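Naming: A, B, ... by sequence-line order, numbering from 1 per chain. Just so it is clear, the structure is predicted and the values come from calculations on it, not from any experiment.
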There are 2 protein chains.
Amino acid sequence: MLNHKHDHDACIETALESAQKICEERETRFTPLRQRVLELVWSKHEPITAYEVLELLSKGQKKVAPPTVYRALDFLIAEGFVHRIESLNSFVGCSDPAHKHQGHFMICTKCRNVTEMNESSLHNVIENAAKENGYSYENSILEIAGVCENCRN
Amino acid sequence: MLNHKHDHDACIETALESAQKICEERETRFTPLRQRVLELVWSKHEPITAYEVLELLSKGQKKVAPPTVYRALDFLIAEGFVHRIESLNSFVGCSDPAHKHQGHFMICTKCRNVTEMNESSLHNVIENAAKENGYSYENSILEIAGVCENCRN
DNA sequence: GATGGCTTGATATTTTATTTCAATAAGGGC
DNA sequence: GCCCTTATTGAAATAAAATATCAAGCCATC
């Protein structure tokens with residue numbers, strides 16, 4: 001778990017406001033559905049699956065079908081508001097949506113909390129590794145499994 | 001594609017022999033099924049899906065069910081003979097089965113060929129990144145998408 | 001208020017992976 | 001060799017994750 005003092009409601013709100021603003025700048029449509037899905041993805045710091053989002057989304061309202069969720073997620077990923085965690089078939093809110101980038105993550109194998117690494121040095125190393133092996137660089141995923149500080153104590 | 005002169009039959013054979021030897025050392029059972037699945041995974045350098053293996057395996061003999069393939073793959077992965085490419089839901093033969101390690105890969109977005117990187121420097125950087133962020137290191141996946149040298153020419 | 005494009009709804013299907021229990025095969029101790 | 005235990009494979013069903021397709025709705029602009 002994150003720090004218990006962590007005000008997660010504020011965290012969600014910031015993410016939503018930030019996304020709202022970015023969409024206005026880009027003139028992309030941050031529809032109610034997309035807002036709601038982003039909110040649900042942010043509802044915990046742990047990665048959430050598309051079908052979990054589906055279930056939450058369907059609560060207390062007309063049920064939605066999988067494509068509805070996947071399309072919203074596709075949009076949010078394209079805008080950089082959400083990252084997909086490949087090793088978990090899950091999704092997490094991006095901690096730095098203003099700058100488009102790949103997700104490089106650490107995943108706690110105990111609490112399943114995810115921490116995003118935005119270190120440019122790491123990114124450079126990865127990009128260089130590709131070039132040294134004769135590949136042009138397009139994008140990359142890095143997912144490190146380990147145990148976070150809180151869980152080790 | 002890899003170098004056209006690449007003798008892929010020899011490549012498969014080496015992988016099988018190497019696996020055979022390692023299993024003898026470890027006293028694990030390299031059964032005919034597991035051998036056959038490893039051979040099929042190695043049948044191309046591109047990643048192969050479990051269901052593609054299933055189909056090849058079922059050719060000209062009694063059809064097998066998905067768990068048969070997945071169990072064989074689980075064994076091969078546990079022994080380090082095969083890696084899973086998370087971003088493609090696919091599997092590739094390991095180029096260095098003697099040393100257990102994570103797979104760090106580059107994936108060509110044109111020819112879909114996969115190159116495994118066994119650079120310890122890269123591994124060190126990743127392990128350090130985890131520690132700097134307060135995580136203990138267990139394992140990691142790195143999958144870089146780009147265009148390989150051959151495809152750029 | 002018609003047009004065209006994006007967005008969502010709805011249904012069906014595909015792809016990927018696992019659960020469960022039964023049958024078979026392999027190795028260890030006697 | 002024969003029994004016992006355990007590992008492996010077979011078989012059927014199901015679960016989980018994702019996509020294809022077409023219809024309906026919304027919205028901006030003319």
Side-chain angles (χ1 to χ4, degrees), chain A residues 19-20 23-24 26-41 46-79 81-92 112 141 143, chain B residues 19-20 22-41 46-79 81-92 112 141 143:
Chain A
Q20 181 75 259
C23 284
E24 277 166 22
R26 294 182 187 156
E27 299 188 16
T28 54
R29 293 176 55 196
F30 197 42
T31 64
L33 174 68
R34 289 165 177 176
Q35 288 177 39
R36 183 83 184 110
V37 170
L38 181 56
E39 195 183 346
L40 291 171
V41 168
E46 296 170 47
I48 191 169
T49 69
Y51 278 77
E52 284 169 349
V53 171
L54 182 65
E55 195 173 335
L56 293 172
L57 192 56
S58 297
K59 254 184 195 160
Q61 70 168 68
K62 188 171 35 177
K63 285 193 179 167
V64 300
T68 301
V69 171
Y70 280 101
R71 283 187 293 226
L73 287 171
D74 284 347
F75 172 85
L76 296 170
I77 289 168
E79 293 296 327
F81 304 154
V82 164
H83 292 294
R84 180 181 159 81
I85 309 285
E86 295 291 340
S87 61
L88 301 174
N89 291 339
S90 298
F91 303 85
V92 285
R112 295 180 52 93
I141 65 171
E143 297 171 15
Chain B
Q20 180 74 259
I22 292 169
C23 284
E24 277 167 22
E25 282 166 19
R26 294 184 188 154
E27 299 187 17
T28 53
R29 293 174 54 195
F30 197 44
T31 65
L33 174 67
R34 289 164 176 176
Q35 289 177 38
R36 181 83 182 110
V37 169
L38 181 58
E39 194 182 347
L40 291 172
V41 168
E46 295 170 47
I48 189 169
T49 70
Y51 277 77
E52 283 169 349
V53 171
L54 182 65
E55 195 172 336
L56 292 172
L57 192 56
S58 296
K59 255 182 194 161
Q61 69 167 69
K62 190 170 35 178
K63 285 192 179 170
V64 300
T68 300
V69 171
Y70 280 101
R71 285 187 291 225
L73 288 170
D74 286 347
F75 172 85
L76 297 170
I77 289 167
E79 293 294 327
F81 305 154
V82 164
H83 292 295
R84 181 180 159 82
I85 309 288
E86 295 291 341
S87 61
L88 301 174
N89 293 338
S90 297
F91 304 85
V92 285
R112 297 181 50 93
I141 65 171
E143 296 171 15

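- At D:dT19, none of the side-chain N or O atoms of A:Tyr70 fall inside 4.0 Å of OP1 or OP2 (strictly under the cut-off).
- For A:Arg34 (side chain) and A:Arg29 (main-chain N/O), a donor-acceptor pair under 3.5 Å exists by modelled atom type.
- No donor-acceptor pair under 3.5 Å is formed between the side chain of B:Glu79 and the backbone N or O of B:Cys23.
- Taking atom CG of residue A:Leu57 and atom P of nucleotide C:dT8, one finds them 11 Å apart after rounding to whole Å.
- For A:Glu143 (side chain) and A:Glu86 (main-chain N/O), a donor-acceptor pair under 3.5 Å exists by modelled atom type.
- Looking at the side chain of A:Thr49, the nearest of the listed nucleotides D:dA17, C:dT7, C:dA10 is D:dA17.
- Distances from the side chain of A:Val64 to the nucleotides C:dG9, C:dT11, D:dT9 place C:dG9 closest.
- Checking the phosphate oxygens (OP1, OP2) of C:dG9, a side-chain nitrogen or oxygen of A:Thr68 falls inside 4.0 Å.
- At the phosphate of D:dA16, neither OP1 nor OP2 sits under 4.0 Å from any side-chain N or O atom of A:Tyr51.
- When the nearest nucleotides of DNA chain D are assigned to A:Leu88 and B:Pro32 by heavy-atom distance, the more 5′-ward of the two goes with B:Pro32.
- In this entry the distance linking CD of A:Glu55 with C1' of D:dA17 reads 15 Å, nearest Å.
- Atom NZ in B:Lys63 sits about 16 Å away from atom C1' in D:dG10, given to the nearest Å.
- Mapping B:Pro66 and B:Arg29 onto DNA chain D via the closest heavy atom, the residue that lands nearer the 5' end is B:Arg29.
- In this structure, B:Asp74 atom CG and D:dA7 atom P are separated by 16 Å, rounded to whole Å.
- Of all nucleotides listed (D:dT9, C:dG9, D:dA17), D:dT9 comes nearest to the side chain of B:Arg71.
- Rounding to the nearest 0.5 angstrom, the gap separating the CD atom in A:Glu55 from the CG atom in A:Leu40 is 11.5 Å.
- Distance A:Phe75 CZ to C:dC6 P: 13 Å, rounded to the nearest Å.
- When the C1' atom of C:dA17 is taken as reference, atom CD1 of B:Ile85 falls 18 Å away, rounded to whole Å.
- Remark: C1' of C:dT18 and CG of B:Leu73 are 14 Å apart, rounded to the nearest angstrom.
- One atom, CG of B:Leu54, and another, C1' of D:dG10, lie 13 Å apart when rounded to the nearest Å.
- Within the structure, every side-chain polar atom (N or O) of B:Thr31 is placed at least 4.0 Å from both OP1 and OP2 of D:dT8.
- In this structure, the nucleotide among D:dC27, C:dA17, D:dA11 sitting nearest to the side chain of B:Phe91 is C:dA17.
- Looking only at side-chain heavy atoms (C-beta outward), A:Leu33 and A:Arg71 stay at 4.5 Å or farther from each other.
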